[in-house]
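Residue numbers start at 1 and run along the sequence shown. Atoms within a ligand are numbered from 1 in the order they appear, just like the ligands themselves. The figures that follow rest on heavy atoms only: side chains count, while hydrogens, waters and symmetry mates do not.
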Amino acid sequence: MKTNLHHITLLGVVAALTACGGGSGGGDTPPPASSSSSSSVVSSSSSSSSSSVESSSSSSSVSSEGPIAIEPDFDLYATTPTDFPVGVAVSAANENYSIFNHSDASARQDVITRHFSQLTAGNIMKMSYLHPQEDTFTFGDADQLVGFAETNGMTVHGHALVWHSSYQVPGFMNNYDGDFAAMLTDHVTNVVQHFETEYPGVVTSWDVVNEAVDQGAGDGFRRSVFYNELPPATDGDIPEYLKVAFQAARDAAPDVDLYYNDYDNTANETRLNKTLQIAEALNEEGTIDGVGFQMHIYMGYPSLSHFENAFQQVVDMGLKVKLTEIDVSVVNPYGSNPPAQPEYDEQLANDQKQRFCQVAEVYLDTVPAEQRGGFTVWGLTDDESWLMNQFANSTGADYDDVWPLLFNADLSAKPALQGVADAFTGQGCN
Ligand code: G3I
């Protein structure tokens with residue numbers, strides 16, 4: 001597997017070149033407003049300074065001058081101080097932006113294998129893809145992806161064994177006529193064991209259950225087919241299906257890290273507490289290793305102290321913290337007056353760099369090395385992000401772009417990539 005040890009020499013040079021002082025705490029620092037910045041993006045012809053941000057023109061913007069880009073002199077995964085996974089969600093098979101079939105697939109693969117040490121399938125390892133009918137498992141597309149990871153010395157974070165989303169639930173699981181717990185156990189066991197057998201040591205973790213919380217439901221647990229088919233939560237306990245799924249995964253692969261994964265569970269206290277309740281109950285059974293925080297966030301929300309508080313509570317349980325689906329939209333369209341389409345200029349690019357840096361920094365500051373499950377971004381290039389559809393569908397806001405990721409559409413690196421590396425190398429966030 002990829003390790004950053006062979007990059008120690010390079011990092012030593014970078015650190016010497018950019019002696020900006022150790023990483024500042026940052027945990028309680030309010031996030032930057034998207035219109036302000038403590039430092040500006042500099043135009044530079046040098047590609048050797050890890051703290052400078054290159055751009056094609058001092059007044060460039062996406063629309064008029066092309067993307068704002070840097071030329072990184074580092075491989076992101078190699079900048080981690082303690083060698084935790086640095087991941088990216090990818091499209092595969094015949095999806096748009098597939099790393100195998102897209103017109104720039106080879107270039108995408110180059111960027112991915114250079115900067116990341118772990119892959120998550122954005123879609124193709126979900127339930128309906130792998131297990132469309134009760135007696136049929138279809139592993140071909142996932143095998144291509146996991147095999148690619150293995151060939152390139154990368155690991156895979158499996159996503160997701162159980163998820164309520166109707167689009168992802170195999171039809172046969174609805175109105176199931178039989179022993180639902182046995183069927184669910186069979187599903188989890190077969191999927192986990194397939195990858196254990198075919199690619200030993202490659203799938204190092206799984207989101208066993210994704211998004212079981214629904215603060216609108218009476219007891220805070222989402223009413224899914226899984227919730228409905230097995231005993232519900234009683235007396236402060238969690239729904240039975242969570243226990244069944246985690247036990248099956250644990251039995252199938254005792255050495256693989258098992259995560260409960262959810263969204264909006266940092267600033268939203270109700271959802272955070274429900275997440276913690278699930279983690280605690282599974283921890284008592286010895287079937288969970290960590291909590292996944294999806295981290296679909298904005299420039300100014302949630303605050304760094306919200307992240308710190310949430311991560312700390314999981315750390316205090318002795319579990320791992322994995323940031324599983326990070327993206328930082330430069331606009332937050334929710335609310336009564338959604339902002340207008342911004343221009344992605346140097347100021348905004350630098351603000352976003354700082355935001356990514358601060359998120360990575362609070363992760364390092366709060367989570368001890370042995371409890372760091374990883375840092376994963378939800379997509380490679382801005383144009384492939386799920387957020388474009390999401391915002392249009394859920395808010396009606398029709399943005400041309402919200403630039404949430406680390407790479408531009410042309411695969412050039414954004415200042416945000418530098419921001420993450422700055423945090424990982426302890427240089428502080430500018
Ligand atoms: O591949 C088909 C394509 O052939 C077809 O033409 C097109 C027409 O709609 O659909 C394509 O499939 C889409 C698929 O993404 C691949 O791009 C599905 O419609 C679409 O629903 C699916 O959306 C995904 C969504 O999960 C639902 O599975 C998003 O890409 C993916 O980013 C998103 O990921 C979730 C995580 O799993 C859980 N956490 C939240 C996160 C964001 O919603």
Pick from E325, Q168, Q390, H159: the one approaching atom 37 (O) of ligand 1 most closely through a non-hydrogen atom: H159
Parallel, tilted or perpendicular: ring planes of Y344 versus W403, cut at 30 and 60 degrees: parallel
By side chain to side chain donor-acceptor pair (under 3.5 Å) - contacts of N123 (at least two apart): E95, K126
E95: numbered ligand 1 atoms lying under 4.0 Å from its heavy atoms: 16 (C), 17 (O)
Closest approach of any protein heavy atom to atom 33 (C) of ligand 1, naming residue and atom: K126 NZ, 3.7 Å
Nearest neighbour of atom 15 (O) of ligand 1 from the list D327, L387, N123, on a heavy-atom basis: N123
K2 to Y77, cation-pi by 6.0 Å centre distance and 45° axis angle: yes
For E211, the ligand 1 atoms whose distance to one of its heavy atoms is below 4.0 Å: 38 (C), 39 (N), 40 (C)
Beyond-backbone contact of T120 with H159, side-chain heavy atoms, under 4.5 angstrom: yes
Among Y263, Y167, W386, closest by any non-hydrogen atom to atom 19 (O) of ligand 1: Y167
Aromatic plane relationship, Y167 with Y129 - under 30° parallel, 30 to 60° tilted, over 60° perpendicular: perpendicular
Counting only pairs under 3.5 Å, give me each side-chain donor-acceptor contact of residues 174-184, with atom names and distances, residues two or more places apart or in other chains.
residue	atom	partner	partner atom	Å
Y176	OH	E134	OE2	2.5
D179	OD1	A181	N	3.2
D179	OD1	A182	N	3.0

Atom 32 (O) of ligand 1 - nearest protein heavy atom and its distance: W378 NE1, 2.9 Å
Under 4.0 Å to a heavy atom of N210 - the qualifying atoms of ligand 1, by number: 38 (C)
